[in-house]
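Let me begin by presenting the structure, written as structure tokens, before commenting on it.
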Amino acid sequence: GRPIVPEVCIYFENHLYRGNRTIKINSDNFNAFQSANYPSLAKVGVNINYFREVILYPDFSKPLKIYTKFDNHIAIVKLFPGMNKEFIDSILRIDGLKAVILETFGSGNAPADEWFIGKIRQAVENGIIILDVTQCKTGRVELGLYESSRKLAESGVISGYDITTEAATTKMMLLLGMGLKKSEIEKLLNSSLRGEITINK
């Protein structure tokens, strides 16, 4: 009487993927989705092969709880070469801004320019939550691996590990909508709530 895969999933091209691990990578081909940092939950051919060791099973003794309050006072900032102060200022000065998802290079790197680090640090001090996610389709953020990412960590930026931008957006709006304290949100951003991130390799 219980589902074999009690998760929100995407089924495409013979693979069943965890929804919050999946991104769309192609707008033309049928092989359009990818779960680069997490294996598929099932593969379908003549038979359905379920990979139960990677399926997330909830505590079925607890009733299903649905969260409907989302706070969309967030911004997504994709870093790019030649980015200037005015661009960053225009984002960080948005009225009512509570959080920023920062799409960084590689394993979480960003410009080491003092003006950039200074603005990030000031934003964090002003109560804005900043989550570092990688622009790469595969891999994870490792703050401190390189000098530029170490400065972000020292400024109070939170590591998104291997979370996708899509999942990070949803998770951030959900946590903000719950009315939690900033410290509680930051702790939960570094926790896997529904299998959306891998904390340890």
Side-chain angles (χ1 to χ4, degrees), residues 20-21 23 25 34 36-38 70-201:
N20 60 24
R21 287 291 191 138
I23 60 172
I25 60 169
Q34 182 183 52
N37 290 319
Y38 200 77
F70 289 81
D71 189 332
N72 63 359
H73 289 83
I74 71 170
I76 300 173
V77 177
K78 188 182 185 75
L79 301 187
F80 58 91
M83 183 178 57
N84 57 49
K85 298 178 184 179
E86 291 74 21
F87 171 74
I88 293 297
D89 275 337
S90 68
I91 301 296
L92 297 180
R93 291 180 180 177
I94 293 175
D95 188 40
L97 183 68
K98 297 180 180 179
V100 172
I101 296 167
L102 194 65
E103 287 194 341
T104 57
F105 308 124
S107 58
N109 302 308
D113 300 323
E114 186 53 43
W115 71 262
F116 176 77
I117 298 299
K119 289 186 180 299
I120 294 297
R121 184 183 302 112
Q122 184 179 27
V124 173
E125 290 173 353
N126 290 338
I128 295 176
I129 300 168
I130 301 183
L131 182 69
D132 188 340
V133 303
T134 179
Q135 293 180 17
C136 301
K137 304 306 179 188
T138 305
R140 56 191 281 124
V141 167
E142 294 186 54
L143 290 178
L145 185 62
Y146 297 102
E147 178 69 12
S148 56
S149 67
R150 182 183 63 80
K151 290 184 177 181
L152 289 178
E154 291 174 350
S155 299
V157 173
I158 305 299
S159 174
Y161 296 100
D162 59 353
I163 196 170
T164 65
T165 298
E166 295 84 350
T169 302
T170 306
K171 185 175 183 178
M172 187 72 80
M173 290 194 294
L174 169 67
L175 294 177
L176 289 172
M178 294 173 68
L180 303 172
K181 295 179 180 178
K182 182 174 181 282
S183 59
E184 294 175 310
I185 293 176
E186 290 175 338
K187 182 179 179 180
L188 290 172
L189 286 173
N190 273 177
S191 303
S192 180
L193 304 182
R194 297 295 182 270
E196 71 282 1
I197 57 175
T198 306
I199 302 299
N200 299 314
K201 289 184 178 181

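Numbers here simply count residues along the sequence, with the first being 1. FYI, side chains are in, hydrogens and waters are out, and symmetry mates aren't considered; it's all heavy atoms of this structure.
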Discussion item. Heavy-atom count check: over 12 atoms from other residues, nucleotides or ligands less than 6.0 Å from Arg194 CZ?
Written reply: no

Practice prompt. Starting at CD1 of Ile129, measure out to CG of Leu102 and round the result to the nearest 0.5 Å.
Written response: 14.0 Å

Worksheet item: Do the charged groups of Glu154 and Lys151 touch, with an N to O distance under 4.0 Å?
Response: no

Discussion item. Evaluate Ile197 against Lys171 for side-chain contact (heavy atoms from CB on, under 4.5 Å), listing each step before the verdict.
Written reply: CA-CA 11 Å; Ile197 57 175; Lys171 185 175 183 178; 4.2 Å; yes

Discussion item. List the residues meeting side chain to side chain donor-acceptor pair (under 3.5 Å) with Glu186, not counting sequence neighbours, and say none if there are none.
Written reply: Lys182

Fill in: Straight-line distance of Gln122 CD to Ile128 CD1, nearest 0.5 Å
9.0 Å

Discussion item. Let me confirm one number: the CG-CD1 distance from Leu131 to Ile185, rounded to the nearest 0.5 Å.
Written reply: 11.5 Å

Worksheet entry | Any donor-acceptor N/O pair, Asp162 side chain to Thr198 backbone, under 3.5 Å | yes

Worksheet item: Which is it for Glu184 and Lys187 under the salt bridge (charged side-chain N to carboxylate O under 4.0 Å, His left out) test, yes or no, and what are the steps along the way?
Response: CA-CA 5 Å; Glu184 294 175 310; Lys187 182 179 179 180; over 6 Å; no

Discussion item. Testing the basics here: between Leu143 and Gly108, what is the closest heavy-atom pair and its distance to 0.1 Å?
Written reply: CD2-O, 4.0 Å

Practice prompt. For atom CZ of Phe105, decide whether the heavy atoms of other residues, nucleotides or ligands shown that lie under 6.0 angstrom number more than 12.
Written response: yes

Worksheet item: So which heavy atom on Ala168 is nearest to which on Val133, and how close?
Response: CB-CG1, 4.1 Å

Item to complete: Determine yes or no for a side-chain-to-main-chain donor-acceptor pair under 3.5 angstrom, with Arg140 supplying the side chain and Ile199 the backbone.
Response: yes

Worksheet item: Any donor-acceptor pair under 3.5 Å linking the side chain of Arg93 with the backbone of Ile88?
Response: no

Worksheet item: Who passes side chain to side chain donor-acceptor pair (under 3.5 Å) against Thr104, sequence neighbours left out?
Response: Asp132

Discussion item. As an exercise, state the distance from CG of Asn126 to CZ of Arg121, rounded to the nearest 0.5 Å.
Written reply: 12.5 Å

Worksheet item: side-chain contact (heavy atoms from CB on, under 4.5 Å) between Asn37 and Thr138: does it pass, once the steps are laid out?
Response: CA-CA 6 Å; Asn37 290 319; Thr138 305; 3.8 Å; yes

Discussion item. Could you check whether any side-chain N or O of Ser159 sits under 3.5 Å from a backbone N or O of Tyr161, counting only pairs where one atom can act as donor and the other as acceptor?
Written reply: yes

Worksheet entry | Heavy-atom closest pair, residues Ser155 and Ile120 | CB-CG2, 4.3 Å

Quick one: side chains of residues 71-84, donor-acceptor pairs under 3.5 Å with protein atoms, not counting sequence neighbours, listed by atom name and distance.
unit_1: Asp71; atom_1: OD1; unit_2: His73; atom_2: N; d: 3.1
unit_1: Asp71; atom_1: OD1; unit_2: His73; atom_2: ND1; d: 2.6
unit_1: Asp71; atom_1: OD2; unit_2: Lys98; atom_2: NZ; d: 2.5
unit_1: Lys78; atom_1: NZ; unit_2: Glu103; atom_2: OE1; d: 3.4
unit_1: Asn84; atom_1: OD1; unit_2: Glu86; atom_2: N; d: 3.2
unit_1: Asn84; atom_1: OD1; unit_2: Phe87; atom_2: N; d: 2.8

Worksheet entry | Inter-residue atom distance Met178.CE - Phe70.CZ, 0.5 Å rounding | 10.5 Å

Item to complete: Go through Asn20 and Thr170 one step at a time and tell me if the side-chain contact (heavy atoms from CB on, under 4.5 Å) criterion holds.
Response: CA-CA 9 Å; Asn20 60 24; Thr170 306; over 6 Å; no

Worksheet item: Which atom pair, heavy atoms only, marks the closest approach of Phe116 to Pro111?
Response: CD2-O, 3.4 Å

Worksheet entry | Nearest-0.5 Å distance, CE of residue Met172 to OG1 of residue Thr165 | 11.0 Å

Worksheet item: Is a donor on one side and an acceptor on the other found under 3.5 Å between the side chain of Ser149 and the backbone of Gly144?
Response: yes

